[in-house]
K.L.:
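After the structure tokens below, expect a handful of questions from me.
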Number of protein chains: 2
Amino acid sequence: MQADATSQPTTGKPRRRRARAGEGARLRQEILDAADRLLRETGSEAAVSIDAIAGAVGCTPPAIYLHFADKRSLIREVCERYFAQFADVLNDAAAQATDPLESLAARGRAYVQFGLEHPEYYRILFMHRPDEGASQHDLARVRANAAFDDQERAVQRCIDAGHFPPGTAHNIACALWASTHGMTSLLISKPGFPWPPLNEFVELMLAHGLGFIIADRTHGAG
Amino acid sequence: MQADATSQPTTGKPRRRRARAGEGARLRQEILDAADRLLRETGSEAAVSIDAIAGAVGCTPPAIYLHFADKRSLIREVCERYFAQFADVLNDAAAQATDPLESLAARGRAYVQFGLEHPEYYRILFMHRPDEGASQHDLARVRANAAFDDQERAVQRCIDAGHFPPGTAHNIACALWASTHGMTSLLISKPGFPWPPLNEFVELMLAHGLGFIIADRTHGAG
DNA sequence: TGTACATCAGTGAACGCGCGTTCACTGATGTAC
DNA sequence: TGTACATCAGTGAACGCGCGTTCACTGATGTAC
């Protein structure tokens, strides 16, 4: 009830210090960070409104438009940061294994795990309807292709190592993506469904995706 | 330009005849039909507003509330009708084949096809965040379980026929669902991606899902 | 067979909310002279 | 070393839109007497 006599208004959030001339770009970073934090913490894209971001940063909504053309640009930029992180995590996981097949499996495990850890991002990036507007210049799409290309190369290495029969790495990479994406997105959308225990489910999917080709080899078909 | 002098207002859509006493339930059906049509034709859930539905039916928005408690109930009911149709299509497809394994594959093909034919419904039913509100009494969930149970029984028949090794039909059914869902939802969300040709993609996924167990059998493992 | 009345099936207008966004303005900071 | 001025980094208030929903009212239809 008693209003704080200092510079702050009654809201608990302290208003941030105004940036010095030349340091305006700092707010830009803080806005991106706040949007990122809101997205992760609330787990709801709807909670990440311009007002909410401004509130979290400690500035007013119009200040955001000094640094971003519109909300979509802002969200897109946040997603791009996330996506780069996603690709790195997958590559790191893959790098742990020496065997190309095990490496590919590690990618799959990391994919599901990362998706489940950041469901709201996963929704935005992989489960939303495509933006009509940003068809060509969509950086997220370029990055998605980059991450997919990593996957495709991983498949190719399995083919080269003789784990997979020769064939189109592209199609196999698509199928594996569909498998991991199917798991991840269903677990996100239907959390109440009686799924198998996570680890078991992941390994079953990997067995389905990778296993039949292995079986083909293991049993020495002729 | 010239206003029609008859009973209609200037809008092209004729206003519907008022139902006679006792026939009020007719509007209810027309509302469901209109919402269904809008959902299929526009391919956008956002386009299916109360105003749009009222416009399509030829009544006023408040009239909708004479028959539905709120918008969510309306949409849910429309989805239930769709879902019943979905389950029927899958069962019909499965019934075409005599071999349990081929029957299961037919389910998978029909699943993807039906999802792609009604992407907006597919989004709502399988790609949306779960309603917090309707956790227990969610009929759509019950129906989803029913459709899944059909799938699980189909898997069990494959096990019984010796196509699959004994094991938990439930887990395999989950994995197959994840496969077909992964394909369907990615094709819906990323239409611009260079996917394999649809048929090829479906068969590859089915081979991944069903094939490795078949391979296990085909090659006569000991 | 006519009439008063209840009810059923709606209408018209508006509310309230949240959202993204814009407009006119401000006030501190740095700089030329 | 002081001062006028430009600029940078914001603020405060409001707009406009679309949406779901509500409220008070209406007018045709059926029915009891």
Side-chain angles (χ1 to χ4, degrees), chain A residues 7-11 13-32 34-35 38-39 42 44-78 124 131-134, chain B residues 7-11 13-32 34-35 38-39 42 44-78 124 131-134:
Chain A
S7 57
Q8 270 73 345
T10 41
T11 159
K13 202 78 187 177
R15 176 155 293 174
R16 69 189 287 282
R17 276 264 168 64
R18 174 207 199 83
R20 309 198 131 189
E23 294 180 347
R26 226 179 44 195
L27 178 57
R28 185 187 164 81
Q29 271 306 312
E30 290 181 31
I31 290 169
L32 289 172
L38 281 171
L39 215 43
T42 68
S44 153
E45 196 187 354
V48 187
S49 63
I50 291 286
D51 277 40
I53 296 170
V57 170
C59 68
T60 58
I64 290 175
Y65 291 89
L66 297 173
H67 301 282
F68 299 91
D70 50 24
K71 194 194 175 184
R72 236 178 48 182
S73 313
L74 198 174
I75 296 293
R76 179 163 44 203
E77 200 156 327
V78 175
I124 297 174
D131 292 7
E132 329 55 49
Chain B
S7 57
Q8 272 74 351
T10 42
T11 157
K13 202 77 187 178
R15 175 155 294 173
R16 70 188 286 282
R17 276 265 168 65
R18 174 206 198 83
R20 310 198 131 187
E23 294 180 349
R26 225 178 45 194
L27 178 56
R28 186 187 163 81
Q29 272 306 313
E30 290 179 31
I31 289 168
L32 289 172
L38 281 171
L39 215 44
T42 67
S44 155
E45 197 185 353
V48 186
S49 63
I50 291 287
D51 277 40
I53 296 170
V57 170
C59 68
T60 57
I64 290 175
Y65 291 89
L66 297 173
H67 301 282
F68 299 92
D70 50 26
K71 192 194 178 185
R72 237 179 48 184
S73 313
L74 197 175
I75 297 294
R76 179 165 41 203
E77 200 156 327
V78 175
I124 296 174
D131 293 6
E132 331 50 54

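Here is how names work: the chains are called A, B, and so on, in the same order as the sequence lines, proteins then strands, and each is numbered from 1.
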K.L.:
Atom pairs, N/O to N/O, protein against nucleotides 16-23 of chain C, distance under 3.5 Å?
P.N.:
residue, atom, partner, partner atom, Å
dG20(C), OP1, Lys71(A), NZ, 2.5
dG20(C), OP2, Ile50(A), N, 2.9
dT21(C), OP2, Tyr65(A), OH, 2.7
dT21(C), OP2, Lys71(A), N, 2.9
dT21(C), O5', Tyr65(A), OH, 3.3

K.L.:
Rounding to a whole Å, what distance do you find between Ile64(B):CD1 and dA9(C):P?
P.N.:
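It is 16 Å, rounded to the nearest whole Å.
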K.L.:
Within this structure, what is the NZ-OH distance for the pair Lys71(B) and Tyr65(B), rounded to the nearest 0.5 Å?
P.N.:
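Nearest 0.5 Å value for the NZ-OH distance: 8.5 Å.
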K.L.:
Can you tell if the side chain of Ile75(B) reaches within under 4.5 Å of the side chain of Arg72(B), non-hydrogen atoms only?
P.N.:
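SC-SC contact between Ile75(B) and Arg72(B) ruled out.
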K.L.:
Among the nucleotides dT11(C), dG10(C), dG10(D), which one has an atom lying closest to any side-chain atom of Leu66(A)?
P.N.:
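Of all the options, the side chain of Leu66(A) is nearest to dG10(D).
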K.L.:
For DNA chain D, please output the secondary structure as dot-bracket, reading 5' to 3'. Pairs are Watson-Crick or G-U wobble, both atom distances under 3.5 Å; mark crossing pairs with [ ], other-strand partners with |, unpaired with a dot.
P.N.:
.||||||||||||||||||||||||||||||||
K.L.:
Where is the tightest heavy-atom contact between Leu74(B) and Phe68(B), given as atom of each residue plus distance?
P.N.:
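Answer, listing the atom of Leu74(B) first, then Phe68(B): CA-CD2, 3.8 Å.
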K.L.:
From CZ of Arg26(B) over to P of dG10(C), roughly how many Å is that when rounded to an integer?
P.N.:
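The distance from CZ of Arg26(B) to P of dG10(C) comes to 8 Å, rounded to the nearest Å.
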K.L.:
Kindly compute the distance separating CG (Leu27(B)) from NE2 (His67(B)), expressed to the nearest 0.5 Å.
P.N.:
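One finds 4.0 Å between CG of Leu27(B) and NE2 of His67(B).
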K.L.:
Please report the interatomic distance CD(Glu77(A)) to CZ(Arg28(A)), rounded to the nearest 0.5 Å.
P.N.:
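Reported value, rounded in 0.5 Å steps: 4.0 Å.
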K.L.:
Cut-off 3.5 Å, no hydrogens considered: what does the side-chain donor-acceptor table look like for residues 44-59 of chain B, sequence neighbours left out?
P.N.:
residue, atom, partner, partner atom, Å
Ser44(B), OG, Ala46(B), N, 3.3
Ser44(B), OG, Ala47(B), N, 3.3
Glu45(B), OE1, His128(B), NE2, 2.7
Ser49(B), OG, Ala52(B), N, 3.1

